[in-house]
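One structure is given here, and the rest of the page talks about it.
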There are 2 protein chains.
Amino acid sequence: MSLPHAILTALLERPSSSGLDLTRRFDRSIGYFWSATHQQIYRELGRLEAEGHIRALPAEQPARGQKKAYEVLPAGRAELARWTAAAQDPKPHRDALLLRLRAAAVVGTAGLDADLRRHLELHRRQLAEYREIEQRDFPAGADSAQARLQHLVLRAGIELETFWTQWLTEALAELPVVDGEPG
Amino acid sequence: MSLPHAILTALLERPSSSGLDLTRRFDRSIGYFWSATHQQIYRELGRLEAEGHIRALPAEQPARGQKKAYEVLPAGRAELARWTAAAQDPKPHRDALLLRLRAAAVVGTAGLDADLRRHLELHRRQLAEYREIEQRDFPAGADSAQARLQHLVLRAGIELETFWTQWLTEALAELPVVDGEPG
DNA sequence: CCGATCATGTAACTCGTTACATGATTAT
DNA sequence: ATAATCATGTAACGAGTTACATGATCGG
């Protein structure tokens with residue numbers, strides 16, 4: 001149950017955003033570690049409004065096709081603070097790439113290298129993007145408490161992408177030696 | 001669509017496993033990077049059998065409560081090989097812990113440290129477990145192609161857990177300075 | 001016999017995904 | 001006008017989760 005809290009966070013970071021505004025920010029920013037489609041976001045905005053956690057800003061529009069901006073209500077901010085401090089078990093991992101390598105150990109690695117190279121390239125691009133954001137938004141020097149936390153989260157992204165580029169490079173180096181169908 | 005392929009891999013690694021055998025191995029081993037509950041596994045075993053990818057070993061038992069062992073059929077092995085080599089886009093990330101820190105940047109970090117310490121301890125234990133497995137199953141020396149791939153996957157787990165323990169330590173070091181509700 | 005546990009399954013629900021529908025606004 | 005795109009939704013489905021049901025086996 002994290003999507004409503006992701007939306008509350010995004011709405012507090014930028015009040016009076018619309019569904020589409022939020023959708024765009026779930027393609028970057030917040031979306032780097034919690035993705036969501038516009039269908040999910042509209043559904044969840046409806047629920048959050050029904051629960052009294054957010055409200056649509058008054059604008060007497062007949063809805064469909066018209067922009068609709070929201071703001072977080074005190075109850076929504078309280079719920080987000082509660083959730084942030086609450087104990088939560090880490091979700092079990094699911095990584096299709098690691099699973100594929102384990103499968104390749106059984107059925108062979110034929111044809112696998114092309115997609116590994118593609119993934120390596122994707123991770124390199126993501127890493128470059130994170131580093132640009134870091135230089136733009138977190139230049140060296142005095143930071144507010146808020147900025148330090150945001151920078152910490154960004155560094156997690158940078159270090160994870162760094163890991164994946166290194167690991168994929170290593171995997172590709174091991175692959176050709178192993179090539180060909182066994183059995 | 002990775003669960004059926006995770007099951008095919010597990011079944012090829014150890015043929016004539018039952019649903020419960022598989023369930024137990026999805027709590028470790030394969031489950032370290034693709035978790036699944038017994039309900040998911042039984043449902044998927046039914047589908048894989050209906051598709052002709054696996055078959056129940058003959059044992060004339062009336063099913064309910066009786067052990068039922070499966071083996072992978074040639075069509076299942078072919079499907080696994082196809083899936084392993086096929087291009088697949090990486091799934092968008094979802095990390096509740098990073099989301100919580102981003103939320104904490106907005107609503108404050110009060111009460112967050114306890115759960116961060118708990119997560120740190122969990123990651124330390126997981127790392128220790130991976131290192132034990134490495135020493136037990138991959139001692140230094142000549143490896144088969146299969147063992148080298150399996151070791152590569154395990155090293156990914158080790159390096160990811162290493163990252164999280166370091167990052168959480170850093171996060172906890174930054175936290176107290178920031179403490180208290182803003183606003 | 002009886003409870004614990006092994007083993008297989010059903011049912012109901014939520015979350016996420018994919019495809020499609022509909023109205024409003026803007027540029028040509 | 002009309003095509004593109006902005007903006008908000010509906011519908012159907014599949015994967016994953018939680019709670020429960022049922023039969024078999026084994027130790028006391």
Side-chain angles (χ1 to χ4, degrees), chain A residues 1-8 10-11 16-27 30-31 33-51 54-57 59-70 83 88-96 99, chain B residues 1-8 10-11 16-27 30-31 33-51 54-57 59-70 83 88-96 99:
Chain A
M1 264 256 302
S2 297
L3 177 58
H5 304 98
I7 291 177
L8 287 172
L11 253 183
S16 83
S17 297
S18 69
L20 197 61
D21 291 337
L22 290 167
T23 298
R24 292 216 176 92
R25 286 164 55 210
F26 273 83
D27 284 335
I30 283 262
F33 44 87
W34 204 274
S35 68
T37 62
H38 81 272
Q39 292 90 337
Q40 275 180 283
I41 289 166
Y42 285 119
R43 178 161 57 186
E44 203 61 46
L45 283 171
R47 285 179 195 163
L48 285 166
E49 193 176 12
E51 285 167 337
I54 65 174
R55 66 164 191 148
L57 295 177
E60 68 235 70
Q61 284 139 348
R64 192 129 197 172
Q66 298 289 111
K67 203 159 210 168
K68 202 165 140 193
Y70 293 91
W83 176 82
Q88 291 174 44
D89 288 332
K91 286 268 156 192
H93 297 167
R94 292 221 165 106
D95 192 299
L99 182 58
Chain B
M1 262 257 302
S2 297
L3 178 58
H5 304 98
I7 291 176
L8 288 171
L11 254 184
S16 83
S17 297
S18 68
L20 197 62
D21 291 337
L22 290 168
T23 299
R24 292 214 177 95
R25 284 164 58 210
F26 274 83
D27 284 335
I30 284 261
F33 44 88
W34 204 273
S35 68
T37 61
H38 81 272
Q39 292 91 336
Q40 275 181 283
I41 289 167
Y42 285 118
R43 176 161 57 187
E44 204 60 48
L45 283 171
R47 284 180 196 162
L48 285 166
E49 192 177 13
E51 285 168 341
I54 64 174
R55 67 164 189 146
L57 295 176
E60 69 237 67
Q61 284 141 346
R64 193 127 198 174
Q66 298 289 111
K67 203 160 209 168
K68 204 164 141 193
Y70 292 91
W83 176 82
Q88 292 174 44
D89 288 333
K91 286 269 154 190
H93 297 167
R94 292 221 164 104
D95 192 298
L99 182 58

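The analysis underlying the following values was restricted to heavy atoms, covering all of them including side chains, and did not include hydrogens, waters or symmetry mates. Below, read A as the first sequence line, B as the second, and so on, with proteins coming before strands; counting in each chain starts at 1.
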Any N/O donor-acceptor pair, B:Arg43 side-chain to D:dG16 base, under 3.5 Å: yes
Touch class at under 4.0 angstrom, heavy-atom based, for A:Thr23 against every strand present: nothing
Just N and O in the side chain of [X]: are any of them under 4.0 Å from OP1 or OP2 of [N]?
X	N	value
B:Gln39	D:dG16	no
B:Thr37	D:dG16	no
B:Lys67	C:dA7	yes
B:Tyr42	C:dG9	no
A:Lys91	D:dG16	no

Counting N and O atoms only, with roles assigned by atom type, does the side chain of [X] sit under 3.5 Å from a partner on the main chain of [Y], one being a donor and the other an acceptor?
X	Y	result
A:Gln88	A:Trp83	yes
A:Glu49	A:Gly46	no
A:Ser35	A:Gly31	no

Once you round it to whole Å, what is the distance between [atom2] of [N] and [atom1] of [X]?
X	N	atom1	atom2	value
A:Met1	C:dT14	CE	P	11 Å
A:Gln40	D:dA15	CD	C1'	13 Å
A:Leu20	C:dA24	CG	P	16 Å
A:Glu51	C:dT14	CD	P	12 Å
B:Leu45	C:dT8	CG	P	9 Å
A:His38	C:dA19	NE2	C1'	10 Å
B:Asp27	D:dT17	CG	P	12 Å
B:Arg94	C:dT14	CZ	C1'	13 Å

Nearest-0.5 Å distance, OH of residue B:Tyr42 to OG1 of residue B:Thr37: 10.5 Å
Side chain of [X] (C-beta onward), nearest among [options]:
X	options	value
B:Gln66	D:dT17, D:dT25, D:dT8	D:dT25
B:Leu3	D:dG16, D:dC6, C:dT17	D:dG16
B:Arg47	D:dA24, D:dG9, D:dA15	D:dA15

A:Glu44 or B:Gly19, whichever maps to the more 5' nucleotide of DNA chain C: B:Gly19
Pairwise side-chain contact, B:Leu99 with A:Ile30, heavy-atom cut-off 4.5 Å (strictly under): yes
